[in-house]
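For reference, the structure is listed below as structure tokens.
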Amino acid sequence: MRGNQLRRIGDAALLVALVVATCFILIRLAPGDPFYPRLDDPAWTPERAATQRVAFGYDKPIRIQFVYYVSRTFRGDLGWSHSRNQPVAEALASALPATGLLVVTALGIAFAVGILVGAWQGWRRDSPLVRASDRVSLVLLSVPEFLIAVFALMGPALAWRWFPTAGMRTPYGPEGVLGLLDRLHHLALPALALGLPIAAVVARLQASAMREVRDAEFVRAARSRGLLDGLVLRRHALRNALIPVLTYAGLQLSTALSGAVIVERLFSWPGMGRLIVDAVGARDYPLVAGGVLVAALCTVVGTMLADLALRWATPRLRARA
Amino acid sequence: MTDARRPKARLALAYLALLTLAALGADWIAPYDFREQLTGMGAQAPSAAHWLGTDASMRDVWSRMLYGTRNTLGIALLAVAVALTLGTAIGATAALLGGIVDRLLSRLADAFLAIPRILLLLLVVASVESVGTYALALLLGSTGWMGTSRLVRSETLALLATDHLRSARALGVPASRLLRRHLLPALVPTLATAGTIAFASVIPLEAGLAFLGIGLPIPEPSWGNIIGEAGGLWLTRWWLVLFPTLAITTTVIAANTLRESFQTRLQHGIHAEGER
């Protein structure tokens, strides 16, 4: 038991180390040069580029650079963002809450809707409504998030004017309870655009898990004891059918963060995704690299939390593996 | 189950074949050159002369869609080939060598999975001016091998536990021959599944990158950058959004349908072997 836990911690540490190393390797392997001549920057001179190269340690051998990079990263120093003119860590910290709100809401919608719909689909196997909803989920699963976002902008936001098209809140808008409603109003569309495709994936997983559990002996036994259908569903079937879905939960964080990159840009959501895309446009290299690292670490932590939750929920897994 | 799905899978396959034909025959089908800027005023809605309208630079969208199909499908197929090759190599190595190598490679896949894929691509693309077709396909492929490597690893482990592979190993068949003659042929159904999964994920990803303006260089069309041509005027230039979206969505639906058919067949095969 204790050995298992040590092994898990070791695995997590190895994972973090690999993520950091992967980021470093990708930065250095990438063709191009962060100090290349900039046409849009009148202050650029070869001499200044050379001093910057030295200042950022790019003149050192790659091994030394890696050590520098690792030690700076672990001290929370992610470098200087020239496009924002502030430390990368600061720029990311200011954008992180917005992204967190969006992604957590989207995942909340995804899992609530996905589990409910999937459980219902799996339980009532073959009815026209199930087949129809199955088709809807296949379509949702196949439309990229950013296109759902574009359509959400076209219909509800632009044509019908039900929802605002940009930002997190109305500038100089109301405070207090009304302010909260205003924020929810702004949050609804981007969160739905991000959450619905994931909900479709979750629903399909949940439905197939439910179909398997439905025929399991313990469910048949519960039925034959004369328990009501709803009770068997909630107490016996759903609990067990949740396992594969929860296993999958951690990875969905990565999917959601990926989707958030474009959704944030479309809805002018002041989060990390928009920050990073803007940074790519401005060739702000340290900011892009820092953003990727933070996003990856968030996913690692999220995956570990999902794993812990799963272990807590299913005693069977604690003993095994 | 399988019987009920077969016509759907056939339909999906037929659709993908049709798309391939359109991509290959773009030179003959397309009424205009995809670069040709016609005289006239900006983006125009669909009409008899331009079936799918024109974009802001007065280029025929139907022609651009056809050439875009060639670019998008070409990039996707190449990316899938790269992902399958990398994934098979890594997954099979992990399963065959086991121990510390297995653990390291599995964590490496986890690390790649932890970094949101579009960010991984942005990180690389951030440092170059523009990406060519092959470079883009290579990038998409080299960030998409993790699903394949996981599938291949677990399937290889399952295969290694079967009697005929255990006896082959006991007879001292060298690893390379084991891989070529015994493992790879048996992995084909797994690879078909992994391939459709990779394909279904690469199409939206490429579209997203192109939409952000980070895909192919400007005059080259792809489904994603045609949508980007709408330039935020989603409602007034709806045809620039609608038609590429239909193309992307139907293609991914076809890929997902094929995947589900492959997956049920795969499970069927394993169950049949288990029962024997």
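Side-chain atoms are counted along with the backbone in the values below, which use heavy atoms only and exclude waters and symmetry mates. Below, chain A is the first sequence line, B the second, and so on; all start at residue 1.
- For Val261(A), the part lying under 4.5 angstrom from a heavy atom of chain B is the side chain only.
- A search for side-chain contact (heavy atoms from CB on, under 4.5 Å) contacts involving Thr99(A) returns Val103(A), Leu257(A), Glu264(A), Met272(A), not counting sequence neighbours.
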Please assess Ile115(B) against Thr299(A) for the test side chain to side chain contact (heavy atoms under 4.5 Å, CB included), listing each intermediate value before the final yes or no.
CA-CA 7 Å; Ile115(B) 307 176; Thr299(A) 313; over 6 Å; no
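- Taking 4.5 Å as the heavy-atom cut-off, the residues of residues 145-154 of chain B that approach chain A are Arg150(B), ordered by number.
- You'll find the side chain of Ile253(B) reaches within 4.5 Å of the side chain of Leu138(A), heavy atoms only.
- Val241(B) places a side-chain heavy atom less than 4.5 Å from the side chain of Phe151(A).
- Shown are Thr249(B), Thr251(B), Asn256(B); of these, the side chain to side chain donor-acceptor pair (under 3.5 Å) with Ser142(A) is made only by Asn256(B).
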Thr303(A) vs Leu113(B), test: side chain to side chain contact (heavy atoms under 4.5 Å, CB included). Steps then yes/no.
CA-CA 11 Å; Thr303(A) 313; Leu113(B) 278 174; over 6 Å; no
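- Heavy-atom pairs under 4.5 Å with chain A were tallied for Leu242(B), Val252(B), Thr250(B); the largest tally goes to Val252(B).
- A distance of 8.0 Å separates CZ in Phe146(A) from CD1 in Ile118(B), rounded to the nearest 0.5 Å.
- In terms of non-hydrogen atom pairs under 4.5 Å with chain B, the most contact-rich of Leu266(A), Val16(A), Leu153(A) is Leu266(A).
- Residue pairs meeting the salt bridge (charged side-chain N to carboxylate O under 4.0 Å, His left out) criterion with at least one partner in residues 287-305 of chain A, sequence neighbours excluded, are absent.
- From Leu147(A), atom CG reaches atom CZ of Phe211(B) across 7.5 Å, with rounding to the nearest 0.5 Å.
- The line from OG of Ser106(B) to CG of Leu15(A) is 11.0 Å long, rounded to the nearest 0.5 Å.
- For the atom pair CG of Asp110(B) and CG of Leu18(A), the computed distance is 9.0 Å after rounding to the nearest 0.5 Å.
- Among the candidates Arg204(A), Glu145(A), Arg265(A), the residue making the largest number of heavy-atom pairs closer than 4.5 Å to chain B is Arg204(A).
- Counting all heavy atoms, side chain and backbone alike, Gly10(A) lies closest to Arg103(B) at C-NH2, 4.4 Å.
- Note that CZ of Arg107(B) and CG of Leu14(A) are 7.0 Å apart. Values are rounded to the nearest 0.5 Å.
- Each of Ile227(B), Ile248(B), Leu212(B) has some count of heavy-atom pairs under 4.5 Å with chain A, and the biggest count is that of Leu212(B).
- Interface with chain A: from residues 195-209 of chain B, residues Pro204(B), Ala207(B), Gly208(B) qualify, criterion being any non-hydrogen pair under 4.5 Å.
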